Amino acid sequence: MDPATGDPLCTVSECGPDQVEQAVRAARRAFDHGPWPRTPAVRRAGVLFALAERLEAWADHLARVETLNQGKPLRESRADLEEVVACLRYYAGMAPRRLARTAPRPGAPLASVLREPVGVCALITAWNYPLLLAVWKLAPALAAGNTCVLKPSELTPLTSLLLAEALQDLDLPPGVVNVVIGDGPGAGRALAASPRVDKVSFTGGAAAGRQVALAALGNLKRVALELGGKSPVVVFSDQDLETAVDLALYAVYCNAGQVCSAGSRFIVQADLHDAFVRRLAERARRIVVGPGLDPATEMGPLVGARQRSRVLDAVRAGVREGARLETGGAPLGGGRLARGFYLEPTLFSNCRPAMRVVQEEIFGPVAVVQKFTTEEEALDLANGTPYGLAGAVFSRDLARGVRVARALRAGVAWVNGYHTTGPELPWGGCKQSGWGRELGTFGLDACTEIKQLNLTLEPAPIRWFKP
Ligand code: TXE
């Protein structure tokens, strides 16, 4: 479906349990008996380099399909495509070196530490960055020699299907990459529960993440979870107002707020607070909301009706609990926006820590502002939710910026910036934002098992027991 109009784009067949099982068996066979895990890492890297080239040549088309299916403005889909290509090249270049580490000990036996692939990996992705999340998971898994079953979100399967098409005539043995289409309770659950799957890597909401972890317990498969957050941005009054507001808009309204790491909670020092709120509301009102394919669009629709009604529900809770609605809070309709799932950029001030809008991930274009006086108070507020994915500090005093960023309980922290990251940097959160890290060397390690291999060069009886 096109979230800009609500119109269907095409029909995609859903995999039933038998087809999910078939995909898992194909991946199992490819892992247990196929050449892929035993292929030299540099040859596997060759496939990833070739895929990167193919996707780069196809980038315009893929970006348009992503925008059509997901709703985000074209400029964001294009930026995603750059990251997709960079991620593939990064793992193609890095994996062969990292996988070949050995740690010989002095004397005999000669010991090595080997990194081996985990096995069959189920990769379950969310709808906010469909292609990017697929590649974040696939690239390290493949580089390490695993075989995969990818299940994109039922809302945004199109670019994952095109990815499968791009893989088709590359030098990849059968069964190494399988794509199944289906929803969470169906295909997603079956993958997480399958005894033939060795690892599940999941990006999605906390509720589904818990179910994945529970389902995975059956065969104690490895579990990686990226579950979003309620990331704080601590704004000190020594920061220039225009810079702080400009960065804040980017932190929260990018991809209409449907970003796991969205900076959605501004914790602002008292003497800057009123000016910050006023200016942020003014700038939020000026954001051009429209269909993602229109080059003038700065913010697209939400992904669908259900997501928009969830966000509106959170907005109503905020109003009920006494937060002050500074701007937004309503669906945008009329004219060309009438049929899409648009929502005004929304800002609440006067927020207390216990409010739902402060504690819960909203996953829409909704920012909340809290006020602080001392640094200690700012940190209590910043760390005062169950989440710990990301956070930021805006201050001209870099020593303070780094001090506060280090005290944030989060997997990712920025000082005077937001959203910048890359495939070489670890991604993931603490507390209830998930388990483990993706990307970087950490993401590759998470796709491997470690084996200690001992080789006795000149075996002879050791006579531990009397002969
Ligand atoms: O995602 P779901 P939903 C958060 C965000 C959002 C909320 C719900 O707050 O409002 O989650 O979004 C698959 N076993 N995030 O319901 O259900 C599903 O098919 C296995 C944050 O749209 O989490 C899809 O492929 N799989 C997040 C994927 O999980 C299951 C991004 C995500 O769907 C499953 C998206 C199950 N039991 C939403 N149930 C982030 N980390 O950024 C669902 N799925």
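Numbering of ligands and ligand atoms starts at 1, following listing order. For the numbers below, each heavy atom of this structure counts, side chains included, while hydrogens, waters and symmetry mates do not. Just so it is clear, the model here is predicted, and its values are computed rather than measured.
- Heavy atoms of Y129 come nearer than 4.0 angstrom to ligand 1 in no pair at all.
- Within ligand 1, counting atoms from 1 as listed, the ones closer than 4.0 Å to a heavy atom of A126 are 31 (C), 35 (C).
- In terms of polar-atom proximity, defined here as any N/O pair under 3.5 Å, T203 makes no such contact with ligand 1.
- At a 4.0 Å cut-off, not a single heavy atom of Q258 sits close enough to ligand 1 to count as contact.
- At a cut-off of 3.5 Å, with distance as the only test, no side-chain donor of R339 or T5 sits close to an acceptor on the other residue.
- Residue, atom and distance of the protein heavy atom nearest to atom 22 (O) of ligand 1 are W127 NE1, 2.6 Å.
- If you number the atoms of ligand 1 from 1 as listed, the ones under 4.0 Å from a heavy atom of Q307 come out as 6 (C), 10 (O).
- F202 CE1, 3.0 Å is the protein heavy atom nearest to atom 29 (O) of ligand 1.
- Contact atoms of ligand 1 toward D183: 19 (O) (distance under 4.0 Å to a heavy atom of the residue).
- The ligand atoms of ligand 1 that sit less than 4.0 angstrom from a heavy atom of R189 are 14 (N), 20 (C).
- The protein non-hydrogen atom at the shortest distance from atom 33 (O) of ligand 1 is G204 CA, 4.7 Å.
- For the pair M1 and G304, the tightest heavy-atom approach, listed with the atom from each and the gap, is CE-CA, 4.2 Å.
- Short contacts between ligand 1 and R306, defined as distances under 4.0 Å to a heavy atom of the residue, involve ligand atoms 3 (P), 16 (O), 22 (O).
- Of the protein's heavy atoms, E154 OE1, 2.7 Å lies nearest to atom 19 (O) of ligand 1.
- Of all atoms in ligand 1, listed by their number and element, those nearer than 4.0 Å to a heavy atom of C260 are 40 (C), 41 (N), 42 (O).
- Atoms of ligand 1 found under 4.0 Å from any heavy atom of T125 (numbered from 1 in listed order, with element): 24 (C), 25 (O), 28 (C).
- Ranking the protein heavy atoms by distance from atom 11 (O) of ligand 1 puts G205 CA, 3.0 Å first.
- By the criterion of a heavy-atom distance under 4.0 Å, neither the backbone nor the side chain of L191 is placed next to ligand 1.
- F276 and F266 have tilted rings, their planes meeting at an angle from 30° to 60° on a 0 to 90° scale.
- Scanning all protein heavy atoms for the shortest distance to atom 16 (O) of ligand 1 gives R310 NH2, 3.0 Å.
- Scanning all protein heavy atoms for the shortest distance to atom 37 (N) of ligand 1 gives Q211 OE1, 2.8 Å.
- The protein non-hydrogen atom at the shortest distance from atom 36 (C) of ligand 1 is G184 O, 3.7 Å.
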